[in-house]
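Every value quoted in this text rests on a predicted model; they were computed, and no experiment measured them. FYI, side chains are in, hydrogens and waters are out, and symmetry mates aren't considered; it's all heavy atoms of this structure. Here is how names work: the chains are called A, B, and so on, in the same order as the sequence lines, proteins then strands, and each is numbered from 1.
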Amino acid sequence: MYAPHTQADINEMLAAVGVDSLDELLRVPDAIALKSKLEVVPALPEYLIGRRFEQFAEKNGGVNYRSFLGAGAYRHYAPPAIAALAMRGEYLTAYTPYQAEVSQGYLQAIYEWQTYICLLTGMELANASVYDGATALAEAAIMALGATGRKKLLVSRAIHPNYRAVLRTYCEGLDVTLDEIPFDAELTTNYSALESALASNEYAAVAIASPNFFGNVESPTRDALEAIKHSGTVPIAVVAEALSLAALEPPAKWGAQIVAGEAQSFGVAQAYGGPYAGFIASTAEHMRRIPGRLVGKSVDNAGRTAYVLTLQAREQHIRRERATSNICTNQAHCALIATIYLALMGKTGLRNAAALNLGRSRELASAVANVAGLTLKSSAPFFNEFVVDTGRPAGEVLAALRERRILGGVDLGRFYPELKSCILMTATELTTSGDINALATALEEIMRAPAIV
Amino acid sequence: MYAPHTQADINEMLAAVGVDSLDELLRVPDAIALKSKLEVVPALPEYLIGRRFEQFAEKNGGVNYRSFLGAGAYRHYAPPAIAALAMRGEYLTAYTPYQAEVSQGYLQAIYEWQTYICLLTGMELANASVYDGATALAEAAIMALGATGRKKLLVSRAIHPNYRAVLRTYCEGLDVTLDEIPFDAELTTNYSALESALASNEYAAVAIASPNFFGNVESPTRDALEAIKHSGTVPIAVVAEALSLAALEPPAKWGAQIVAGEAQSFGVAQAYGGPYAGFIASTAEHMRRIPGRLVGKSVDNAGRTAYVLTLQAREQHIRRERATSNICTNQAHCALIATIYLALMGKTGLRNAAALNLGRSRELASAVANVAGLTLKSSAPFFNEFVVDTGRPAGEVLAALRERRILGGVDLGRFYPELKSCILMTATELTTSGDINALATALEEIMRAPAIV
Amino acid sequence: MPPQSSEPLIFEIGQEGRANRYLEQGKTLETFLPKTLVRDELPLPDNSELDVVRHYTRLSHRTFGIDLGFYPLGSCTMKYNPRINDAIASRREFAELHPFTPDELAQGALQVMYELERSLSSLFGMAAFSLNPSAGAHAELGALLIAKKYFKDRGEMQRDKVIVPDTAHGTNPASAAMCGFKVISLHSNERGRVSVDEIRKICGLDTAVCMMTNPNTLGLFEDDIAAIAAAVHEAGGLMYYDGANANAIMGYTRPGDMGFDLMHLNTHKTFTIPHGGGGAGHGPLGAAAHLVDYLPTPVVTYDGTAYALEFDRPKSIGPMRSFWSNFAHAVRALAYLYANGEEGLKRVSQLAVLNANYLRVKVADFLETPYPETCRHEFVASAQVLKKEHGVRALDIAKALLDDGYMAPTIYFPLLVPECLMIEPTETESKETLDAFVAALRAIVERAKTAPQELFDAPVTTPVGRVDETRAARQPELRWRPQPP
Amino acid sequence: MPPQSSEPLIFEIGQEGRANRYLEQGKTLETFLPKTLVRDELPLPDNSELDVVRHYTRLSHRTFGIDLGFYPLGSCTMKYNPRINDAIASRREFAELHPFTPDELAQGALQVMYELERSLSSLFGMAAFSLNPSAGAHAELGALLIAKKYFKDRGEMQRDKVIVPDTAHGTNPASAAMCGFKVISLHSNERGRVSVDEIRKICGLDTAVCMMTNPNTLGLFEDDIAAIAAAVHEAGGLMYYDGANANAIMGYTRPGDMGFDLMHLNTHKTFTIPHGGGGAGHGPLGAAAHLVDYLPTPVVTYDGTAYALEFDRPKSIGPMRSFWSNFAHAVRALAYLYANGEEGLKRVSQLAVLNANYLRVKVADFLETPYPETCRHEFVASAQVLKKEHGVRALDIAKALLDDGYMAPTIYFPLLVPECLMIEPTETESKETLDAFVAALRAIVERAKTAPQELFDAPVTTPVGRVDETRAARQPELRWRPQPP
Ligand SMILES: Cc1ncc(COP(=O)(O)O)c(C=O)c1O
Ligand SMILES: Cc1ncc(COP(=O)(O)O)c(C=O)c1O
């Protein structure tokens, strides 16, 4: 209950208020008063709460399997220094830094986060976070809709299916049409399809992910970029694996005006899906359309450097129905974690981590490709994940791996009917040669057996 | 390595110093220079250090057994709020608060610790901690030796054998004779033996533990107390299970002049034996003989309350060979943990925890006593541990329990040849009925089988 | 500690190559990628772990949280965040669980979500909750998407109005707008409440949703809520409950019983998820039986043997986020429910309301409280008179409180109260803390009369003085920039 | 944050019965114990978890640690404490392991101790280490007990003198006294070192042990150490190495090679165990082959298959503490060794010595450095001239440094240097930090000449000003007392 009241406190306070009982204070009209008993979990003393959750924890056997899962949530090394800092009570128990004078620390950290995102993406500005990568894409789309006044969106089908699904959810509210560009045999966006789609000049935005959902690095063609420019469409880059930004040309390089991304890779726990840290970065022209909090640098009344929430006229608490977004509570603490991660890793560490991801995933890819019956579906350059075709229902292969305490990857049939035989496999710097050998051996066995279907 | 130097830094600094190389700075005479390769564990990147220790951790299977171990190290509930506070970097990375002005927080916490120990033991003053319970006893004995000028010590044989062994180690240095008083059939100190021993007026101190090593509450007889007083012997109380202080009359009540104890029970991890927090409390007359740091309350230059290390003239850094003790680094951080534990538990929580220990251990005792072939060795009131006689080599019974993933307690034959068939069993508030039932069932099985020897 | 005059940015310290050895040394990027794809520069600083630890430790000393003092930020329910919840959420079996882990290997996580969902449904009288939305505003959006789809399914697409009282939080109208609804702003009556007559007047065939919070943001219970709901329902509209103030009602009434069809909770308010400097939050979205099928996906199911994530729900508005839920927060929220149980939650509301009323009567002694009646979990005071007579605004009072070691209340919200101070103590504060706060506030109000300039100059003991917000907005500097070499 | 003017004692807040619900409600004590045994009062405060969290969070804000700034406390090796070490030591398989766990169920813990012991033995040239002692002073005591027993076994009980240089730490003579040895204090020569001639002069049949640290506490390497050891050995005495300064020699020389028979390490110095506000430490005690059997028990053994605790060692001086070792610190120390390996440890010493020399030459610019030659990990400066000319003492400089956000160096030690400032930067500090410190110290020395009163008044930005130590000692108040009711 965590309330400190003794009975004496309560009596004294009731007397001060001038009522006789707590029930009197909380009374509601009889018609709506709660009469029934509830079905809430029972109260436990703290030590038994710990035990209860220990039981839950033990039922999450997946954490003890060798895992090649990725697909938007990545297992990267997070130095323990992150938690030692981020879990400090000052950070944990603060809220939105409305009172700048007693929030300089957090404000500065968010300013650093904004800067990190700018430096990584090559963009001009970035916000203080949105919910996650998928909502970042949706909010980026809203920015583009506002900027262009158009009512159609175009996205590559090689963008994370969950991100596209969320965008679709938002589009229902926005009364916006969402069209998709196919990917080609190499599992990269079909840029000629993109070109033709843009011919109509109707699209507010076109979104491309790199690395895309299949792990492949996208290289928009010159013609495609030309078509984007020509059609007045806002190019949005999606980055679901932020560590790739340490290795790959930043989205600014190919002309993205908005980058929507997910920073979970930067030290944020996988935690079965959240909380993570979405980010939005953009060129200067979109500054006043960007959703959510922005921290700016200013001075105090003595001229000292001071940080403060700024451009709040974009936000719901000022602008209400005319705000750029409804977002209020964001993912500040995850952004803080990511900021500390980036500070600890530094340029040198981050580039090395990216290189290790590249190396490990290639080691994995060749081990898997060596298994008779398995083929790599694409030869495009990839970051840390890639698609393996098993030539049989992927779910079957994954189930067999599971029996061997291996999570082999994501069954692409779940999202793409035409890829029912394919698995998305991921390796990070934490994937060991032991993991890879175990997987390869298991796959050898499994693939030797005839397919069930 | 954790050193931040870039090669450029090193070059610049070498130049400033005016030497050409690091080797030049560190050169030693050739005769003593290291020439061979060392056998030090290999360097690993941080993520592999974590994995290495994960391997070690997995080999400590004992933590997953049902445990009835106690005997000087206790499994009590430690609310997670303790670690959240005590592991804050300010506390963790400070050293002895020599500079009071920037150490007020830690100084105050230690002042609170001193007070808690006084309130719990009923004594007048307490120090900032010594290494652990055993060295507390040794240091208390040194206080008494100094106070009396005598060269003999008397201790109850019902004091923790490890404590007595440590005292013996110290006595070798001190050129002091150590005599022991036997315990009686009820496993409490034989007070008439104590009386007769004191007749000679030769002992500097007499030490009695309550609860004693067998878990029993000691009640010194009136005659014994009279004899102590009469002989000019300093009575030392030993408390190895500090939680008992929440339930039992404080040692001050029976006239102890010094209390030597172990505060591990107050939220400090068992950690295979350390670090723990020894404490020494005493009557006012022993103030200038107490070893180690003392925090006092004072004022600053503006008259504000301020805390500061005090009475340092007792200490080695001032008094060198005439100091009351050689202790320098103590167990401050464990004392901080204990202080926070006590603050969180409060009087109400602490007494309740003590009551639960009493209850659980009685539940355990009757379950065990119900097993045919097992008897409780004593009917004296106990706190949370007691002695069970198995009628056969205790080691055999414990080994059989181990096969059932149960750590049944401590084999008393290890310390007392006459108790080879006995086990010291402990239950705390964390012992469940499930644990007790499992133990009872296992013991039923084991005791049904004929003894091997 | 000596207050650090300032702390440089992380970008202003460090040296290239000052690397920490977290991982082994890999090969170069170019080993694996065509040179054209590899970025040639990455202008991030390299810092030693020590310097990073110092930097963020020092910044923490410049950050105020509940752990440092009373945080009466109205509408935000800044109650104590129990450390056990963090300890549990940090267990590796939760923290390292991948969202695509097959259900059978994530049964513990699913059970956590299921128990939380079932408990919330019972506690608030909803048929079911979705744990998908990431925060309150996100859930509002989800609810309005549900309403839109529901009306579409019923062929009532003309329902394009969302009624929002003027006491409502900005997220309510903003969420409505994101679904293309037109917002009808409703004036509160002199009792600070929505009047049934008004509602009856504006409700009609174009009414989609009426969004309300109860108690409202003035801390007042909308005692006509049943009649209001009936009126909206009669007109064919839906009732939405903004659960930001749920801390006031537990064990006494339920949104479901009040007539709400949809609702959200801010578990970061009512259920002690640490606010984390602005997030992450967690916004479970509840629905009455007729709308359950529309809830965002996935939903956790239990067939008596196993828990599962259900994605295939044809009527659902679809998913609202990358993955299932802010799961770590579901863990915390459930741990909090276990710490309370039904009786404990009722007690929470009782003592939250008691604390607020106690503060209210004490503060009324020296500050205007525009609604002088029993409040619920919070109340509003006004500095209108002080402003008129001494030029001292709510903002000045807020800044002066900072000097006394308190977080300021919410100010200038709700909008209808001029010079508003919105004060929510929560149940985890002791009478002593409230008394000390009252004394501090009383002294400030005194100083407002005798030495107003002192308040205009406040705060003076904080790491920086009053910050120039205008300059920040006029010349936006939103990031550090590398010096051109 | 506004600096809290003061924080009440935990005993001054709270209310009886304000209990946190950690455990279920048990029965009364009297249910289980005769009334006469039950204590009737227990005057401890009851506080809510929130109030406790606030209290110790606020106190932490009044506490300076390495994490907040440079901590050049000479002789204490205040280097960065890596967080991974704490994370590892907190694993439940270590933290919850009971000391009486049978060896076969604690193999991981034993392996940790064994690997640490073997590594230390190799690194410092000893035959074996005991991990039993709890800190440096404790190990010194153990070593002297060994010496005493050793000489007793050899029938040389007349050896009752322990030679201790005047640069030695106070624990050295104090430890000697605890074993009944007489302390012979040895003056350092003009080079700040022990001279072989002096040693030869005082060594004789009564010589038991010569205790030295190398480099000594002036930061100077005793280059005659081999000859000194030879002289002591020739006289039949033993050489003891105080390892507090081991951070200066790793990879270059070993106490074993210098001729020491016994030694201790302070892993809380050299191997980054957090100092924790004064402890707990960890003091492995090493012995050369002829003294290994005397080491305190237990000792960890390995037979090629399993690790074990060995208690039965007839020649041992016996155990020195309740249980085996400050084990959690053995975990940390080994983790640190893994972070470095042999090469890394050498680098540690190199950079520690580089940092000290760099500081030394910079400081020599404006402060007297009595031994103007290459130092090792630390060096001493003196404020003697400043005192003479301006009345400004080392203490005043120390206090002024606090105002600049630095911990003060060790002052007034070693005793032979008047107005001594003993400065040890450690290897984990960057050149930038050292440069900033030099600038701050230079400015203070300037102010000492131009505005000495400012330094007498320092510190002024800290939570309290200069504390009255005399009053504390004259009217000792060592505890809070309950008010009589
Ligand atoms: C009344 C009210 N409604 C809605 C919200 C929005 O919730 P969230 O910040 O979780 O998105 C808030 C939060 O501040 C609120 O106070
Ligand atoms: C030179 C020297 N020797 C011995 C010691 C004593 O070590 P400990 O404090 O670990 O007991 C110290 C510690 O301060 C020291 O600096």
- Message: Can you confirm whether the side chains of D/T63 and D/S60 place a donor and an acceptor under 3.5 Å from each other?
- Response: no
- Item | B/Q312 portion near chain D, given a 4.5 angstrom heavy-atom threshold | side chain
- Query: Which atoms of D/A335 come close to chain B, meaning under 4.5 Å heavy atom to heavy atom: side chain ones, backbone ones, both, or neither?
  - Reply: both
- Chi angles and distances behind the salt bridge (charged side-chain N to carboxylate O under 4.0 Å, His left out) call for B/E249, D/R39: CA-CA 4 Å; B/E249 282 290 15; D/R39 74 187 289 167; 5.7 Å; no
- Task: Carefully, step by step, assess D/F64 and D/Y71 under the rule ring pair (Phe, Tyr, Trp, His ring centres under 6.0 Å).
- Result: CA-CA 9 Å; D/F64 188 95; D/Y71 209 123; 5.8 Å; yes
- Task: Give, as side chain, backbone, both or neither, the part of D/P476 having an atom under 4.5 angstrom from any heavy atom of chain B.
- Result: side chain
- Using non-hydrogen atoms only, which part of D/K399 is less than 4.5 Å away from chain B: side chain, backbone, both, or neither? side chain
- Query: For D/K27, is it the side chain, the backbone, both, or neither that has a heavy atom closer than 4.5 Å to a heavy atom of chain B?
  - Reply: backbone
- Query: Which answer fits D/N81, side chain, backbone, both or neither, if we ask what part of it has an atom under 4.5 Å from a heavy atom of chain B?
  - Reply: side chain
- Task: Sort out for me which of B/H160, B/R168, B/E12, B/H317 touches chain D most, counting heavy-atom pairs under 4.5 Å.
- Result: B/E12
- Message: For B/Y111 and B/Y307, take the angle between the two ring planes, folded into 0 to 90°, and tell me which bin it lands in: parallel under 30, tilted 30 to 60, perpendicular over 60.
- Response: tilted
- Counting only heavy atoms closer than 4.5 Å, note whether D/L144 contacts chain B via side chain, backbone, both or neither. neither
- Is it the backbone or the side chain of B/I142 that comes under 4.5 Å from a heavy atom of chain D, or both, or neither? side chain
- Query: In terms of side-chain heavy atoms, does D/Q111 have a donor or acceptor partner in D/E115 at a distance below 3.5 Å?
  - Reply: yes
- Message: Looking at D/R471 and B/K297, would you say the former's side chain and the latter's main chain have a donor-acceptor pair under 3.5 Å?
- Response: no
- Message: Do D/R321 and D/S134 pair up side chain to side chain, a donor and an acceptor below 3.5 Å, judged on atom types alone?
- Response: yes
- Message: Less than 4.5 Å to any heavy atom of chain B: does that hold for the side chain of D/Y56, its backbone, both, or neither?
- Response: both
- Please flag which part of D/V361 lies under 4.5 Å from any non-hydrogen atom of chain B: side chain, backbone, both or neither. side chain
- Contacting moiety of D/E429, where chain B heavy atoms sit under 4.5 Å: backbone
- Item | Contact leader toward chain D among B/E39, B/E112, B/Q114, B/R351, where contacts are heavy-atom pairs under 4.5 Å | B/E112
- Starting from the C-alpha separation in whole Å, work towards a yes-or-no answer on ring pair (Phe, Tyr, Trp, His ring centres under 6.0 Å) for D/F323 and D/F100. CA-CA 9 Å; D/F323 296 107; D/F100 281 126; 5.4 Å; yes
- Task: Give, as side chain, backbone, both or neither, the part of B/R75 having an atom under 4.5 angstrom from any heavy atom of chain D.
- Result: neither
- Structural part of B/N352 lying under 4.5 Å from a heavy atom of chain D: side chain
- Count the heavy-atom pairs under 4.5 Å between each of D/P274, D/G465, D/C179, D/G341 and chain B, then report the option with the highest count. D/G465
- Query: Strictly by modelled atom types, are B/S129 and B/Q331 linked by a side-chain donor-acceptor pair under 3.5 Å?
  - Reply: no
- With chain B, which of D/T374, D/D257, D/T171 has the greatest number of heavy-atom pairs at distances under 4.5 Å? D/T171
- Note on the structure: Applying a strict 4.5 Å limit to non-hydrogen atoms, the region of B/L356 in contact with chain D is side chain
- Query: How are the rings of B/Y77 and D/Y22 set to each other: parallel, tilted or perpendicular (split at 30° and 60°)?
  - Reply: tilted
- Task: Take atom NZ of B/K347 as the centre, draw a 6.0 Å sphere, and report whether it contains more than 12 heavy atoms from other residues, nucleotides or ligands.
- Result: yes
